[in-house]
Colleague: 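Got a structure here, written out as structure tokens. Questions coming.
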Amino acid sequence: MKAIYEDVSHDKNNTIKIYEYLKPSFETPLHFHPEFELVYIIKGRGIRYVGDNLSNFKEGDLVLLAPNISHCWMDAADYSGECHSIVMQWVPDVLHDLAEFSEFENLFEQARRGISYTGTFSDRVFPLLEGVLQSTGIGRLQKFIDLLSQLQAEKKYTLLKSGLLANKTNLKSLNRLNIVYEFVKRNYASKIYLQDVADAIHLSKEAFAFFFKRHTQKTFFVYLNEFRIARACSLLKDSDASITQICFNCGFESLPYFHRQFKRLKGRSPLQYKKQFQ
């Protein structure tokens, strides 16, 4: 899958671009662009990449991103519904030089690491996003400022990126990362050898290990375990499969190892996690 630099087109009559995404899947590959972006998930679930962060997403997921952060949303392999989101983008140079926007300086700075909002707050923000979507001209700008004020005031959020990874990754590296991510998505349930992944992007094992650590701040097998645990979480919530079945269906070869990795990443056992959703 070729990575793309997304050239976001803007309506000359609206500084703020906002639209609904409605397709059978989230199909945009890992990419970056020079605009701020706010994404609200109306329908869909899967795995979200923001810089070096990998997390599950579901309905109600709300994320604010600063410019040039590599990101993408991938729907879960077992999700068969439609994928529906609202995406809002704006160019910082156009608005952020205004004196009135100085009060949002902290919000914009935090967004350099990606901000995730969930729960009741993201539900409250959804009508504001709809208001921006349905308005134009000065009315859209006013509703946009109201929305930023709500984001600025909210104290419960999660910063996604580690802060160690540079926001902008070159196109060649993004292309390679996309190939790796797609390889893992197709093969995570099977045993994966480092040489197989390295071959997919035409690198030696040693060069691949260096490349992946440099661009993600983690080793490939740490990332692979994170992906498998994220898939396990989805199955624990949404399927009737046993914990043992989920362990092996997600590519783990040892049940004790699966339990150790799950507790390390989620702070609880798979059974404790599953009981939250029963």
Side-chain angles (χ1 to χ4, degrees), residues 6-28 31-46 48 50 55-69 71-73 75 81-160:
E6 186 177 3
D7 186 8
V8 178
S9 60
H10 290 270
D11 181 350
K12 64 180 181 180
N13 296 317
N14 285 296
T15 303
I16 302 128
K17 178 179 181 178
I18 185 167
Y19 61 93
E20 288 189 79
Y21 180 101
L22 182 58
K23 292 187 178 182
S25 65
F26 289 112
E27 57 191 29
T28 305
H31 64 286
F32 64 89
H33 46 71
E35 289 79 15
F36 274 82
E37 181 168 293
L38 183 68
V39 179
Y40 180 88
I41 303 298
I42 300 173
K43 288 184 180 180
R45 59 178 171 82
R48 171 188 359 100
V50 174
S55 305
N56 284 310
F57 74 87
K58 60 180 181 177
E59 295 177 5
D61 188 65
L62 178 69
V63 171
L64 175 63
L65 302 173
N68 296 321
I69 298 178
H71 61 280
C72 72
W73 279 250
D75 45 299
E82 64 182 4
C83 295
H84 189 187
S85 64
I86 294 180
V87 181
M88 183 169 71
Q89 299 165 324
W90 68 96
V91 180
D93 293 347
V94 176
L95 295 171
H96 295 199
D97 289 341
L98 298 174
E100 290 79 4
F101 276 75
S102 61
E103 67 179 85
F104 303 124
E105 183 176 344
N106 182 63
L107 175 68
F108 297 147
E109 181 61 28
Q110 297 279 56
R112 288 169 55 84
R113 291 180 58 186
I115 307 174
S116 172
Y117 305 91
T118 56
T120 57
F121 174 73
S122 61
D123 293 339
R124 293 199 310 272
V125 164
F126 178 56
L128 297 177
L129 262 174
E130 284 192 308
V132 178
L133 179 65
Q134 294 164 5
S135 59
T136 58
I138 194 67
R140 173 173 289 187
L141 181 59
Q142 290 171 335
K143 293 180 185 299
F144 171 67
I145 293 172
D146 289 342
L147 175 56
L148 289 181
S149 296
Q150 291 294 316
L151 296 175
Q152 172 85 336
E154 178 58 25
K155 302 303 180 186
K156 294 182 180 179
Y157 56 82
T158 301
L159 297 179
L160 298 174

Colleague: Which pair of heavy atoms, one from C83 and one from S25, lies closest together, and at what distance?
Modeller: SG-CA, 3.5 Å

Colleague: For a quick test of reading the model, state the closest non-hydrogen atom pair linking P67 to P92 and the distance between them.
Modeller: CG-CG, 3.9 Å

Colleague: Taking salt bridge (charged side-chain N to carboxylate O under 4.0 Å, His left out) as the test, write out the residues that go with E20, two or more places apart.
Modeller: none

Colleague: Return a table of donor-acceptor pairs under 3.5 angstrom between the side chains of residues 115-122 and protein atoms on other chains or two or more places apart.
Modeller:
from, atom 1, to, atom 2, distance (Å)
S122, OG, G60, O, 2.8
S122, OG, G119, O, 2.9

Colleague: As an exercise, state the distance from CZ of R113 to OG1 of T158, rounded to the nearest 0.5 Å.
Modeller: 10.5 Å

Colleague: Measuring from W73:CH2 to Y21:OH, what's the distance to the nearest 0.5 Å?
Modeller: 11.5 Å

Colleague: Distance from S85 atom OG to K43 atom NZ, nearest 0.5 Å?
Modeller: 12.5 Å

Colleague: What closest approach, in Å, do M88 and I16 show between heavy atoms, and which atom pair accounts for it?
Modeller: CG-CG2, 3.5 Å

Colleague: Please confirm whether F36 and F104 have ring centers closer than 6.0 angstrom.
Modeller: no

Colleague: Please examine the side chains of Y19 and Q89, heavy atoms only from C-beta on, and report whether any two atoms are closer than 4.5 Å.
Modeller: yes

Colleague: State the CD1-CZ distance between I41 and R48, to the nearest 0.5 angstrom.
Modeller: 8.0 Å

Colleague: Testing V87, L147, I86, L65 for side chain to side chain contact (heavy atoms under 4.5 Å, CB included) with L38, which one passes?
Modeller: L147

Colleague: Return yes when atom CD of E105 has more than 12 non-hydrogen atoms of other residues, nucleotides or ligands closer than 6.0 Å, and no otherwise.
Modeller: no

Colleague: Does any part of the side chain of H71, heavy atoms only, come nearer than 4.5 Å to the side chain of H31, both counted from C-beta?
Modeller: yes

Colleague: Return the minimal non-hydrogen interatomic distance between G114 and V50, and the atom names on each side.
Modeller: CA-CG1, 4.4 Å

Colleague: For the atom pair OG (S135) and CD1 (I18), what is the distance rounded to the nearest 0.5 Å?
Modeller: 8.0 Å

Colleague: On a heavy-atom basis, which atom in F108 and which in A66 lie closest, and how many Å separate them?
Modeller: O-CB, 4.4 Å

Colleague: Measuring from atom CD1 of I69 to atom CZ of F32, what distance do you get when rounded to the nearest 0.5 angstrom?
Modeller: 12.0 Å

Colleague: Quick one, I145 and F101 - any side-chain contact, counting heavy atoms below 4.5 Å?
Modeller: yes

Colleague: Which class fits the ring pair F144 and W90: parallel under 30°, tilted 30 to 60°, perpendicular over 60°?
Modeller: perpendicular

Colleague: Taking it one step at a time, do L62 and F57 satisfy side chain to side chain contact (heavy atoms under 4.5 Å, CB included)?
Modeller: CA-CA 9 Å; L62 178 69; F57 74 87; over 6 Å; no

Colleague: Does any part of the side chain of L22, heavy atoms only, come nearer than 4.5 Å to the side chain of I42, both counted from C-beta?
Modeller: no

Colleague: So, using side-chain hydrogen bond (donor to acceptor under 3.5 Å, both in side chains) as the criterion, who are the partners of Q110 when residues are at least two apart?
Modeller: Y157

